[in-house]
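Chain letters run A, B, ... following the sequence lines, proteins first, then strands; residues in each count from 1.
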2 protein chains.
Amino acid sequence: MEEQKIGSLRFKIDFSQPLYEQILDQVRSAIAKGEIELGAKMPSVRELALELRVNPNTVMRAYQELERDGLTEKRRGQGTYVTSSAERVQLFRTELASKYMDSFLEQMASLGISLSEIQGYLSKKYPNETGGTR
Amino acid sequence: MEEQKIGSLRFKIDFSQPLYEQILDQVRSAIAKGEIELGAKMPSVRELALELRVNPNTVMRAYQELERDGLTEKRRGQGTYVTSSAERVQLFRTELASKYMDSFLEQMASLGISLSEIQGYLSKKYPNETGGTR
DNA sequence: GTAGTGTATTATATCACTTAATACACCTAA
DNA sequence: TTAGGTGTATTAAGTGATATAATACACTAC
């Protein structure tokens, strides 16, 4: 429940999922949504671990995955920085969105739910929006 | 990779996810899609465990969840049967679809992706379909 | 040199998942 | 009644992912 602010980052950590995964997801989201600026300095591994009351190894695991995503760059002895490339962020967004989309469609298919039914659900969830394909 | 048939049920089991979860998902899907008939007798816990080369406790865990879903009924001493109520199956379908939908929309929101962008992705994935809301 | 970075290693603990062995309660059919 | 098939419960054990803790090393800026 308790939301923490560390620099321009906000964190909500609980025990429903692995800690490193929550840190990873929330930083990913902040970068994807532009809540933290391109090229900005990330909190250091030790600092973030201290603030979140979590082991440094746990933070490092999240940071390593962020670099694999191409969302951050590490400079030994200096720190971790958000990538300066808007293209990389955009590429990450589309790739992850595509994965989310595929697994969602697979779930719906396993229930025998067609595309038109999905569209129907979408309309119900957003009754006020006209929808992009209408 | 190896797909197994047990009665009218088909199973593909690997080690990417918990075994009980895979069994659960695949039986759910079979019932939701009508691949196994309403009121049909399910394989017994011991039989399915033997066929899938899995511990009976693991199968039982999946079966217990199926009953919680309202998709099966157990008759002590007789066996496990698929529910005879088409309404229950339909209810389950809509409830689970709604959950899938919500968590999907949450994922997309975490990437800062709007509804109209989602509609765009849908059109790309299904270029030949007209779509139910058009 | 000092302090702050990321990184690596080793040990330990906990929990979810799975298997295994066994026993019990219930129902059906011979 | 007996035998065999149901679901259920319990106890024990092993494995792997997750997390913590303590420590050390390499690099960089000041």
Side-chain angles (χ1 to χ4, degrees), chain A residues 2 4 6-7 9 11-27 31 36 39-84, chain B residues 2 4 6-7 9 11-27 31 36 39-84:
Chain A
E2 342 142 11
Q4 290 185 69
I6 291 101
L9 293 171
F11 289 94
K12 252 194 289 185
I13 305 293
D14 56 39
F15 288 91
S16 63
Q17 290 176 342
L19 301 177
Y20 81 92
E21 213 170 283
Q22 298 182 55
I23 298 170
L24 175 60
D25 286 343
Q26 292 174 35
V27 175
I31 297 176
I36 182 171
K41 187 173 189 309
M42 294 276 295
S44 76
V45 171
R46 284 175 180 80
E47 181 195 353
L48 187 52
L50 197 66
E51 296 269 13
L52 298 180
R53 274 171 292 184
V54 143
N55 194 276
N57 293 336
T58 304
V59 174
M60 202 179 69
R61 186 164 177 184
Y63 273 26
Q64 286 177 331
E65 181 63 23
L66 284 172
E67 187 162 37
R68 255 176 265 135
D69 289 339
L71 293 180
T72 62
E73 294 163 5
K74 288 167 184 168
R75 307 177 197 160
R76 208 181 177 93
Q78 298 187 47
T80 300
Y81 295 80
V82 178
T83 180
S84 299
Chain B
E2 342 144 10
Q4 290 185 69
I6 290 101
L9 292 172
F11 289 94
K12 250 195 291 187
I13 305 292
D14 55 40
F15 288 91
S16 64
Q17 290 176 342
L19 300 177
Y20 82 93
E21 212 170 284
Q22 298 182 55
I23 296 170
L24 175 61
D25 285 342
Q26 291 173 34
V27 175
I31 297 176
I36 182 172
K41 188 175 187 308
M42 295 276 295
S44 77
V45 171
R46 285 175 180 80
E47 182 195 353
L48 187 53
L50 198 66
E51 297 269 12
L52 297 180
R53 275 171 291 186
V54 144
N55 194 276
N57 292 337
T58 302
V59 173
M60 204 179 69
R61 185 161 178 184
Y63 274 25
Q64 285 178 333
E65 181 64 23
L66 283 172
E67 188 163 36
R68 254 176 266 134
D69 289 339
L71 293 180
T72 62
E73 294 162 5
K74 288 166 184 171
R75 305 177 197 162
R76 209 180 174 93
Q78 297 185 47
T80 299
Y81 294 80
V82 178
T83 181
S84 299

Taking atom CZ of B:Arg68 as the centre, report whether more than 12 heavy atoms of other residues, nucleotides or ligands fall under 6.0 Å from it. yes
Between the OG1 atom in B:Thr58 and the CG atom in B:Leu48, the distance rounded to the nearest 0.5 Å is 10.5 Å
Is there a side-chain contact between B:Gln4 and B:Leu52, using heavy atoms and a 4.5 Å cut-off? yes
Atom-pair distance (CG on B:Asn57; P on C:dC17), nearest Å: 14 Å
Establish, with yes or no, whether the OP1 or OP2 oxygen of D:dC27 is under 4.0 angstrom from a side-chain nitrogen or oxygen of A:Lys74. no
Out of C:dT19, D:dT8, D:dC27, whichever nucleotide has its closest atom nearest the side chain of B:Glu67: D:dT8
From the options C:dC24, D:dA19, D:dT18, select the nucleotide whose nearest atom is closest to the side chain of B:Arg46. C:dC24
Using atom OH of B:Tyr63 as one end and atom P of D:dA9 as the other, report the distance to the nearest whole Å. 17 Å
Starting at the 5' end of DNA chain D, which residue's closest nucleotide do you reach first, B:Arg76 or A:Thr58? B:Arg76
Which nucleotide in C:dT28, D:dG7, D:dA19 has an atom nearest any side-chain atom of B:Gln78: C:dT28
For B:Arg75, answer base if it contacts any base atom (sugar-phosphate contacts may also be present), sugar-phosphate if it contacts only those atoms, and nothing otherwise; contact means non-hydrogen atoms under 4.0 Å. nothing
Side chain of B:Asn55 - closest among C:dA20, C:dT18, D:dT8: C:dA20
B:Tyr20 side chain: which of D:dC27, D:dT18, C:dT18 is closest? C:dT18
Whole-Å gap separating P (D:dA21) and CZ (A:Arg53): 13 Å
Distance in angstrom units between A:Gln64 CD and C:dT5 C1', rounded: 15 Å
Starting at CZ of A:Phe15 and ending at P of C:dT14, how long is that distance when rounded to a whole Å? 15 Å
Taking the minimum atom-to-atom distance to the side chain of B:Val54, which one of C:dT19, D:dA19, D:dG7 wins? C:dT19
Pairwise distance CG(A:Leu24) to CG(A:Asp69) - rounded to 0.5 angstrom: 6.0 Å
Distance in angstrom units between B:Tyr81 OH and C:dT28 C1', rounded: 10 Å
CG of A:Asp14 to CG of A:Leu19: how many Å apart, nearest 0.5 Å? 8.5 Å
N/O (side chain, B:Thr80) to phosphate O (OP1/OP2, D:dG7) under 4.0 Å: yes
Could you say whether B:Gln22 or A:Lys41 is positioned toward the 5' end of DNA chain C, judged by the nucleotide with the nearest heavy atom to each? A:Lys41
Roughly, in whole Å, what's the span from CG in A:Leu52 to P in D:dA19? 12 Å
To the nearest angstrom, how far is A:Arg61 atom CZ from D:dG16 atom P? 15 Å
